[in-house]
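Here is how names work: the chains are called A, B, and so on, in the same order as the sequence lines, proteins then strands, and each is numbered from 1. What you see is a predicted model; the values in this text were computed from it and never measured.
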2 protein chains.
Amino acid sequence: MIDYNGKNYVCRLDFAMDFIRGKWKAVILCHLYKKPKRFLELQRITNGISQKVLNEKLKELELAGLIHKIAYAEVPPKVEYSLTTEGRDLTKILKEMENWSIKYYPHLEVSLIQ
Amino acid sequence: MIDYNGKNYVCRLDFAMDFIRGKWKAVILCHLYKKPKRFLELQRITNGISQKVLNEKLKELELAGLIHKIAYAEVPPKVEYSLTTEGRDLTKILKEMENWSIKYYPHLEVSLIQ
DNA sequence: CAGTATCCTACATGATACTG
DNA sequence: CAGTATCATGTAGGATACTG
């Protein structure tokens with residue numbers, strides 16, 4: 001049993017997995033791997049996430065220390081999100097998850113609707 | 001957009017992560033890493049999972065090809081769960097998740113309860 | 001452009017009791 | 001021992017409208 005930040009985990013893996021729990025966090029991290037991205041860019045490429053949830057997840061990721069947020073003092077506003085070292089390390093592991101799926105499911109059907 | 005088994009994924013990572021989505025699947029896989037385990041053993045060590053959910057998750061993991069189930073024809077019944085090659089490969093990545101958390105959170109507080 | 005606020009729904013999980 | 005069935009609940013996520 002692990003207690004952290006008022007949350008409760010049955011083991012260390014449970015704790016680790018909590019950083020990327022849900023449908024979107026891992027996807028967002030991977031989209032930030034190559035280069036920083038703006039809010040709207042992220043929303044477009046993550047393909048289906050709602051504005052509300054994207055914001056929630058970005059906040060959680062920032063609070064967890066996995067991403068940086070830089071808000072430029074411009075009009076219209078410009079905000080950029082990027083990976084921290086910690087987040088980059090984690091995202092490398094997510095890339096391995098992708099590779100695992102390529103190994104065992106090389107021929108995934110990709111639908112035309114997109 | 002990826003379609004697979006009637007499910008819908010926004011990208012390959014989303015597809016891969018679906019194999020271990022939720023609180024329990026990753027934990028179960030890791031518990032099977034060293035050696036096969038029986039149902040009750042699993043329930044004891046996963047510390048808090050309900051019987052119903054453990055069964056659901058084991059079924060899903062088996063259907064996904066990540067674990068094997070062997071039922072011995074004995075009374076009382078004896079059933080053993082073990083990792084497939086595919087599942088073992090995936091679990092290795094989960095171990096890296098654990099290592100990541102050890103690197104960045106070396107001193108997790110462990111509560112006395114349990 | 002980058003958010004926030006409100007309301008709603010579906011689903012994952014828990015609790016409990018029962019069975020071959 | 002290893003399940004299944006039933007019911008209840010919390011929360012993640014979606015839809016939509018609004019704001020600095």
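When the P atom of C:dA10 is taken as reference, atom CG of B:Asn8 falls 17 Å away, rounded to whole Å. Distance, A:Leu54 CG to C:dC1 P: 14 Å, rounded to whole Å. For the pair A:Met17 CE and C:dT13 P, the computed distance is 12 Å after rounding to whole Å. In this structure, CG of A:Asp14 is placed 11 Å from P of C:dT13, rounded to the nearest angstrom. Between A:Arg21 atom CZ and D:dG13 atom P there is a gap of 11 Å when expressed in whole angstrom units. Put simply, CG on B:Leu61 is 14 Å from P on C:dA12, counting in whole angstrom units. Straight-line distance from the CD1 atom of B:Ile28 to the P atom of D:dA2: 14 Å, rounded to whole Å. Between the CD1 atom of A:Ile70 and the C1' atom of C:dG3 there is a distance of 18 Å, given to the nearest Å.
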For nucleotides 14-20 of chain D, just jot down a letter per nucleotide in 5' to 3' order: B, S or -, based on protein non-hydrogen atoms under 4.0 Å. BB----B

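Backbone-only contact: A:Arg38 has heavy atoms under 4.0 Å from sugar-phosphate atoms and none from a base. Within the nucleic acid shown, A:Tyr72 has no heavy atom closer than 4.0 Å to any nucleic acid atom. B:Lys25 comes within contact range of no nucleotide atom at all, as no heavy-atom separation falls under 4.0 Å.
Within the 4.0 Å cut-off from OP1 or OP2 of C:dT4, at least one side-chain nitrogen or oxygen of A:Lys59 is found. A sub-4.0 Å separation between OP1 or OP2 of C:dC1 and a side-chain N or O of A:Tyr81 is absent. For the pair B:Asn55 and D:dA2, the criterion of a side-chain N or O lying under 4.0 Å from OP1 or OP2 is not met.
A perpendicular orientation is assigned to the rings of A:Tyr105 and B:Phe15, their planes being inclined by more than 60° (bins at 30° and 60°). Using a 30° and 60° split on the angle between ring planes, B:Phe19 and A:Trp100 fall in the perpendicular class, above 60°.
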Under 3.5 Å for both distances, Watson-Crick or G-U wobble, that's the pair rule; now give the dot-bracket for DNA chain D, with | marking pairs to another strand and [ ] for crossing ones. ||||||||||||||||||||

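Proximity of a side-chain donor or acceptor of A:Lys57 to a complementary backbone N or O of A:Ile28 within less than 3.5 Å is not detected.
Pairing each heavy atom of A:Glu80 with each of A:Pro36, the nearest pair is OE1-CB, 4.0 Å.
Of the inter-residue distances, the one linking B:Gln51 atom CD with B:Phe39 atom CZ reads 5.0 Å to the nearest 0.5 angstrom. If you take CG on B:Leu54 and OG1 on B:Thr46, they are separated by 5.5 Å, rounding to the nearest 0.5 Å. Residue A:Lys69 holds its NZ atom at 8.0 Å from CG of A:Leu58, rounded to the nearest 0.5 Å.
No hydrogens or angles considered: nothing links the side chains of A:Tyr4 and A:Asp18 as a donor-acceptor pair under 3.5 Å.
Taking the side chain as every heavy atom from C-beta outward, B:Thr91 and B:Cys30 approach each other to under 4.5 Å. Within the 4.5 Å cutoff, the side chain of B:Leu32 has no heavy atoms near those of the B:Ser82 side chain.
Considering only the side chain of A:Lys57, D:dG13 comes nearest among D:dA2, C:dT13, D:dG13.
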